[in-house]
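Before any comments, here is the structure.
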Amino acid sequence: MQEQVRVLLKGDEERVYPKGVTVMDVARDISPKLAKEALVAKVDGELVDLSYKLDKDSKVEILTFEDEEGRRTFRHSTSHVMAQAVKRLFPDVKLGIGPAIEDGFYYDFDRDESFTPEDLEKIEKEMEKIIAEDHPFERIEVSREEAIKKLEEMGEPYKLELVNDLPEGAKISFYKNGEFVDLCAGPHVPSTGRLKAVKLTSLAGAYWRGDSRNKMLQRIYGTSFPKKSMLEEYLKKMEEAKKRDHRKLGRELDLFSMHEEGPGFPFFHPKGMILWNTLIDFWRKEHRKRGYQEIKTPIILNEELWKRSGHWDHYKSNMYFTEIDGEGYAIKPMNCPGGILVYKSQVRSYRELPLRMAELGLVHRHELSGVLHGLMRVRSFTQDDAHLYVMPSQIEEEILGVIDLADYVYKIFGFDYHVELSTRPENSMGPDELWEKATSALRNALEKKGFDYKVNEGDGAFYGPKIDFHLKDSIGRTWQCGTIQLDFMMPERFDLAYIGADGEKHRPVMIHRTIFGSLERFIGILIEHYAGAFPVWLSPVQVKVIPVSQKFLDYGLKVKRELEDQEIRVELDERNEKVGYKIREAQLQKIPYMLIVGEKEEAEGLVSVRTREEGDVGTRTLQEFVLEIKKKIDDKK
RNA sequence: GCCCACGUAGCUCAGUCGGCAGAGCGUCGCCUUGGUAAGGCGGAGGUCACCGGUUCGAUCCCGGUCGUGGGCUCCA
C-alpha cells in the first residue's frame, strides 16, 4: 500500500496526497491559477522550493508575489539571473552576494573596470534573454568539502570565504539555472521564465561584507515584477515620490536652502522658521506638562570636558576643534557634558529626582562628505534633547514616560514608526555588567509596551545602549528620529551624586533622549510626509487673501488686518494679476485657505473661502471663518 | 572617506562632433481691472562650478579641486 501524507493548507483545509508529492503538485491540485502564480512555499514554517517533496504530514503555505516572502524570493531569483547575465558578458567578474531587499535586489561584483550605465543596459537585455530561455532553478545540496572544491574550481574567492564562515553542520546548497551555478541557500522560483519584468535601477560601490577595510565591490541594484504593468506602476510611484522630496519642496516652498559655502549646514528661510518655531512651541508645551525644565548650554567648551566625558577617546573623529587664548576647545557634538555641569552646579537631593532637564541644543558633527543629505543628514543640527537624572528604581517608569511622549507626538503628525534596540558597540566604555543591566532595562520597557522591535547588535552609543524611533521618508528610506539612551557611564565619569533619604551620597542614572531627534531632520520628514501641504496649524502661510482686482485691495487689507489680530498667519496678494493666476500660485504654494474678496464680499462684510483640498466652499462672514480656522489650528489639524 | 553619475540664467532644462550660449517659468517695465489653477507686449539677467593643461581658439577634450545626486561605511 502506498504511503500517504496529510497536508494542512491555509484555512485549516486538509488534503491527502501520496508520499513524495511536490508542493507544486499540491498547488496544481488546489487551482490552476495558484499553480501559475505560486513562487515558493513554506512547509512547517520553512521556506522551500516548489519542487520540494513532501514526505511527511506537513503544514503547507503556498506563496505568491502577494506575500512578502514570495516577493523576496522572486527578487532574489532575479538577482541570480542578473549575475548570470553579468557572467555571460563579463566572464572575469567575481561574485559577491546578491540578496533581495525591500522593493528589489542587488548583486555585488568584483571587476577591475567599472560598470557603465551602458553596461547596465546590456546586462538588462541579457537578462531578458535568460528569462525568455526559461531555465529551471535546480537545487544541488553538497557537503562542505564538495562546496569548497567546486568554488575553488570556479575561482570564486568571496563565495569561498562565505562557505568557510558557515557554521558547522550547516546545509550547503548551490542553485543552477542554465549554465550558471551559484552558492545559495535558496529557495528560488521554479524557473527564470517567471521573472517577467526586470529593471536595473542603479550602480553603487559597496564594501565587501559592509566593512570599509575591505575591498569595494560594484553593486548593481534592480527590481522585478511578475507583470510589466506592475513594474511601470512602481516606476511611476517612484517618480511621484520624488516630487515629495524635501529638498525640492524646500526650495519651491521657500523653506530652507543649502549652499556650497556651508556643505551640510542648512539655512532656514522665514517660512521654514515658522515650521521650526511652531514645532518648538508645541514641544515646550508638551514638555512643561510632563515636568521638564529647560536649560541652554554653550556650543564651545574646553577640551578637558570632552576628555572627561569620553568623547575625546570615542567620538573625536566626529568633532570640530578650535582654540581660545591658547587653550584647546571643542565644538559640542552632544549636549550631555554641558548639561551635566548644570546638574553639578548644586547639591542634588533625592527629592528632586527624577530631574528632567531639556535643551534645544545646537550640535556640530563632522559627518563624512558622502553621507550628507538635505535636512536629513547634516553637519549642524538642533537636538530636542533632554537628560533625565533618576534613581535606579525610577529607570523603567521614566523610560516608559519617554516612550509615551514619543508616541503621543508622532501620532499628532500621523507618522508610522518602528523601534530598534541597539546594544553595546565595539568602541565603547564601561564594564559589561552595566551594559547588560542597561540593555535589559530598555528591553523590558519595550516588552512592557508590547512593541515589535528590531535589535541592532553593536549599534549603541559609546556610553550606553539605546532605543531608536525610525520614521520613513517619501521613498521609504527610514531615518532615526527619537532616541532613548540609558547611561551609567557619564554619572560615573563626572562623579554625579544626589543625597538620598539616608543622608548619604548616591549615584544617579542618566537617560539621554530626544523626540524629534533633530529639528532639521524632523522638518525634512514632515515636508515629505505632508508633501509640503502642511496641516493648518503648521502651515507657514495659513491664509492668502486674494482681491478680485486692484479695486478691492483696501477691503483685502482690512481682512488681512483682522486675521492678523487673531494671530492667523495671513498674506495679501497685492499683485496686479487676475484671480485665476493668484489662486494658482497660492495653490502651488499649498496654502490651506484662500479668501477671495471682491464687490459682493466687500458690500456685505463676507469672504469667499477656497480650500487647498476642496476648492470653492462658498462665502461666510469673516467671523465665521475665523472660528472655523481657529478650531483647526487648536485641534492641530 | 570610498564607488558611480552629474554641475549651462533665480528655477526646470535644451545646446555646441572645439569657433565669443538658448527656451519655458520667475523677475522688472508698460498695457489690461479681470470672480476660483497661467491675459498681452517689451526688457534685464550667464566668467557655461572653480583651478590648471592640450589647442590659433575650451562651456565642450584631459587632469585636479569643490559641490550635488544614488549607494557603501558611519549616525539624530
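Within every chain, numbering begins at 1; the chains are lettered A, B, ... in the order of the sequence lines, protein sequences first and strands thereafter.
Listed pair A:Arg251 / B:U12 meets the phosphate criterion, a side-chain N or O lying under 4.0 Å from OP1 or OP2.
Using a 4.0 Å heavy-atom criterion, one finds that A:His373 contacts the sugar-phosphate atoms exclusively.
Cation-pi geometry between A:Arg75 and A:Phe105 is not satisfied (NZ or CZ under 6.0 Å from the ring centre, within 45° of the ring normal). Cation-pi geometry between A:Arg290 and A:Tyr408 is met: the NZ or CZ atom falls under 6.0 Å from the ring centre, inside 45° of the normal.
Across all strands shown, B:G53 is found opposite B:C61 as a Watson-Crick or G-U wobble partner, with both distances under 3.5 Å. When both pairing distances are held under 3.5 Å, B:U68 makes a Watson-Crick or G-U pair with B:A5.
Rounded to a whole Å, the CG atom of A:Leu372 is 8 Å from the P atom of B:G69. Put simply, OH on A:Tyr315 is 9 Å from C1' on B:C74, counting in whole angstrom units.
The closest donor-acceptor contact from the side chain of A:Thr201 to the backbone of A:Tyr221 lies under 3.5 Å. Proximity of a side-chain donor or acceptor of A:Asp473 to a complementary backbone N or O of A:Ile525 within less than 3.5 Å is not detected.
When each of A:Ala206 and A:Leu368 is assigned the nucleotide of RNA chain B bearing its nearest heavy atom, the one mapping closer to the 5' terminus is A:Leu368. Mapping A:Glu599 and A:Gln218 onto RNA chain B by nearest heavy atom places A:Gln218 at the nucleotide closer to the 5' end.
Ring stacking holds between A:Phe381 and B:A76, with the centres under 5.5 Å apart and the planes within 30 degrees of each other.
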